[in-house]
Amino acid sequence: MSSIRKRLFIWLLMGLSTLWAIAGIGIYLAVKKSELTKIDSELLRLQSAIRFFGGLSQRTEGPIRPDRLLSRINRENLPGGENRRPPDLRITQSLTDFIKENPPKYRIWSANGTIIRQSKGLSEKNVQFPENTEILNEPIFNSILSEGDTYRAMTVRFRPPRPRGRPRAVPSANDSDVQTQDEAPPRNAPQIATIALSTKSMEQTLQFLLFAIIAIGIIAGFLSFLLVSLALRNGLKPLNSMGNNLSSVNSSSLSHRFSKKGLPIELAPITDHLNDLMARLESGFNRERQFSSDLAHELRTPIAELKMMSEVALRWPEKKNDNYALETLEISQQLQDTIETLLSLNRFENGQEKLKIEELCLKTVINECLEKHEKQISNKDIKVDIKVDEGKVIDTDIGIFRTIINNLLSNAAEYTPQNGEIIILGKSNSSDEILRISNNVDGMEFEMLEHLFERFWRADNSRSDSSHIGLGLSLSKACAEALSLKINASLCENAETIQFSLNRTNS
Amino acid sequence: MRILLVEDKNRLREAIAQALKQTGYAVDSTDNGNDALWMAQENSYNIILLDIMIPGIDGLEVLEKLRELNDNTPVILLTAKDTIADRVKGLRKGADDYLIKPFALEELLARIEALCRRSYQKSTPSIKIDHLDIDTSAKTVKKHNKLIELTAREYAILEYLAMKEGSVISRTEIEEHIYDELVSPMSNVVDSAICNLRRKIADEDNNEDLIQTRRGQGYILVRKDS
């Protein structure tokens, strides 16, 4: 069985882990980008120094003494300001920077690919003359691997500066620099240079960052685990509470209703639906209890009569009632009627009855059924008005239809008061309505209408009258449904006349 | 002993009433709650047998009203309602016992006897007074261990006097408890029954009557050995 807690736990933990991972990767990439940008700007700054080297190589051979270069650095502080500083001073400054703690590697080619100058440490294989030099107007950055170290390299095409004054000896940036050309290129000819700075420092920074991110990620994952567990435990507490309340519900506590007090708003609709369900269950259970109670009464009472009469007759045979046999037969008949009606009701309600559809004349069936109640009707001087068209015929199961009519007329004859009236209406031009039976009634209330078709329901709570047990209308309703018909009951405004109409259902 | 039987089913009511009368009880019966309440207030009954589902006010309401009126007559509810909730409800309304239909006649009689005994604070069905042994369960009387023939009325009077041994019981009280509503107050059925009873239970070895008359007051059953 799936668990909301487990599902939420997995999803939340996965989501948080993904977020942590994305954040970690983002930080790592951002720092890496920043470090690369810093190296790239450093490389760009070194570009002028490369130009200087390129220019030196065009004028003279051999290295320049570093002390000459260094001596020029002091001229930077001469009065006259920066604007008046000669280009060689600026170049010297770059060169000073160039040869600091982290000396760059470089290689300078002439336009035809001849190496003019290069520093040690760059292999031929890893730093080659670019095939297309036209695109090098803008510097191109890339990473290269040389002798086990990683470098950030910038390749650029440039024209060396045209020097003023007489040519000088070629300076050397440091002792490791070498002069590789045999022949100087033409003055101010374009040159290609690749400058490379070691990325070792950046890699160390990134490695430290990676370890930090992983360590923080593990701690964050553990904290996320605890946080999600705690959040779920607290968040699902109302659900657990509701589950416990639900599990305590049984058939004897159906009147219980769930309180919305203290519940989160998301559970309020569920609580409403549960309370509705409980109300329906309670109503259903009460109906069934009432049915069982009524059934018990209808069966136990005649059995009690039979038993008591038999015991008295056996114990005091000399006092035996002359009507004993007749009364016993009546009680047996009453019991049989009750049981057969219940069985019929069960058959019809479960759709077990097979229908035999035939054409029948409505008026004929009504007259046949009325004959059974003729005595009761005449004893109470009830007026019967039959307004049924002679030619009205319907296709239905005669036996079941007769059961409906017989019960409705029996009901009308039983409950119509002395000198009352029964009206039976059946018009051919009525499309849906087959029949309408109305009669006067005493003591009927509008609230009773909804119970009329319930099994064993009787207006008289004492159930004293043995001639009716309260199953007639239930049986009529079940029969009507078996024939795809519907019975409706209504009271006129002053509640003095009740009307039963038998209609076809739209289906 | 006088019993009020409230049952709306005619055949059942008549059968129970007949059985009770044959057993020696005086029985008044009715089929509705309104009459039952009125009869219970008007007459003095030893036991009321009450159906719950009856026309008029229902049995439980009758019981409730009786208890409100401080009428503590023992009540046995006779009903087809068999659920625990129904039984608990009935007993909590003040019923002393609850019998579910259909019930055996023997059981009904036994419960009535038990309630009668309880109301007279007797724990056993046997009462021994001098040379008499009265078995309230078998409704028999033995004189010197020999069964004597008593009519139902005579037995009922003797049992009633024995239950209230040592107390003066008026003629009216005997009428109320032994005879049903059909007996005329002006008749001398009690006197003649007492007379017959004295003759039947008389001890040949002792001329003193067990049942003595207190002029203007009534009758009293007194032990000779007391």
Side-chain angles (χ1 to χ4, degrees), chain A residues 251-255 285-286 288-335 338 443 456 458-467 469-470, chain B residues 5-24 27 29-36 49-62 78-90 99-110 139 152:
Chain A
S251 60
S252 60
S253 59
L254 291 174
S255 57
F285 262 72
N286 287 341
E288 286 307 308
R289 281 198 190 110
Q290 185 61 44
F291 170 70
S292 303
S293 169
D294 293 342
L295 178 62
H297 187 273
E298 294 303 333
L299 295 178
R300 284 174 192 275
T301 304
I303 291 171
E305 288 174 332
L306 275 178
K307 193 170 178 181
M308 190 55 63
M309 287 168 66
S310 305
E311 284 193 54
V312 170
L314 285 170
R315 196 157 171 168
W316 296 281
E318 72 283 359
K319 299 281 182 183
K320 193 171 78 174
N321 188 342
D322 294 338
N323 293 327
Y324 175 76
L326 192 63
E327 287 178 351
T328 306
L329 185 64
E330 278 178 14
I331 296 169
S332 307
Q333 188 61 48
Q334 183 193 336
L335 271 173
T338 304
F456 288 119
R458 285 159 72 173
D460 171 22
N461 286 331
S462 67
R463 319 186 69 84
S464 299
D465 180 11
S466 301
S467 59
I469 55 171
Chain B
L5 171 62
V6 188
E7 169 60 59
D8 61 329
K9 303 289 179 189
N10 291 336
R11 287 185 290 246
L12 185 59
R13 187 178 66 249
E14 285 166 10
I16 295 173
Q18 189 183 352
L20 291 174
K21 281 176 184 169
Q22 291 298 321
T23 312
V27 181
S29 61
T30 179
D31 64 352
N32 68 80
N34 296 322
D35 287 353
L49 302 177
L50 189 59
D51 187 12
I52 291 180
M53 292 166 76
I54 48 176
I57 55 175
D58 73 22
L60 289 178
E61 209 174 329
V62 172
L78 304 178
T79 177
K81 288 173 170 278
D82 65 335
T83 63
I84 292 173
D86 289 328
R87 283 184 245 179
V88 170
K89 190 176 173 186
L99 203 51
I100 296 165
K101 295 174 187 173
F103 48 81
L105 178 58
E106 280 299 327
E107 188 182 356
L108 174 66
L109 295 175
K139 307 283 181 196

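Keep in mind it's a predicted model, so treat the numbers as computed, not measured. All values below come from the heavy atoms of this structure, side chains included, with hydrogens, waters and symmetry mates left out.
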Do the non-hydrogen side-chain atoms of A:Lys307 and B:Phe103 ever get within less than 4.5 Å of each other? no
Under the salt bridge (Lys or Arg N to Asp or Glu O under 4.0 Å) test, residues paired with B:Lys139 that sit two or more places apart: B:Glu159
Could you have a look at B:Pro102, B:Ala85, B:Gly33 and say which one has the most heavy-atom pairs with chain A under 4.5 angstrom? B:Pro102
Identify which part of B:Glu7 has an atom lying under 4.5 Å from any heavy atom of chain A, answering side chain, backbone, both or neither. neither
Side chains of A:Arg300 and B:Asp82: does their closest heavy-atom pair fall under 4.5 Å? yes
Atom pair CZ (B:Arg11) and OG1 (A:Thr301), whose distance is rounded to the nearest 0.5 Å: 11.0 Å
State, to 0.1 Å, how close B:Ala19 and A:Val312 come at their nearest heavy-atom pair, and which atoms those are. CB-CG2, 3.6 Å
Chain A contact via B:Ala104 - side chain, backbone, both or neither, heavy atoms under 4.5 Å: both
Between B:Ile100 and chain A, which part of the residue has a heavy atom less than 4.5 Å away: side chain, backbone, both or neither? side chain
Between atom CG of B:Leu105 and atom CE of A:Met309, what is the distance when rounded to the nearest 0.5 Å? 13.5 Å
What is the distance from atom CG of B:Leu12 to atom CE of A:Met308, rounded to the nearest 0.5 Å? 6.0 Å
To the closest 0.5 Å, what do you measure between CZ (A:Arg315) and OG1 (B:Thr23)? 5.5 Å
Under 6.0 Å from the CD1 atom of B:Ile84, do we count more than 12 heavy atoms belonging to anything else shown? no
Which bit of B:Lys101 is near chain A, if near means a heavy-atom gap under 4.5 Å: side chain, backbone, both or neither? both
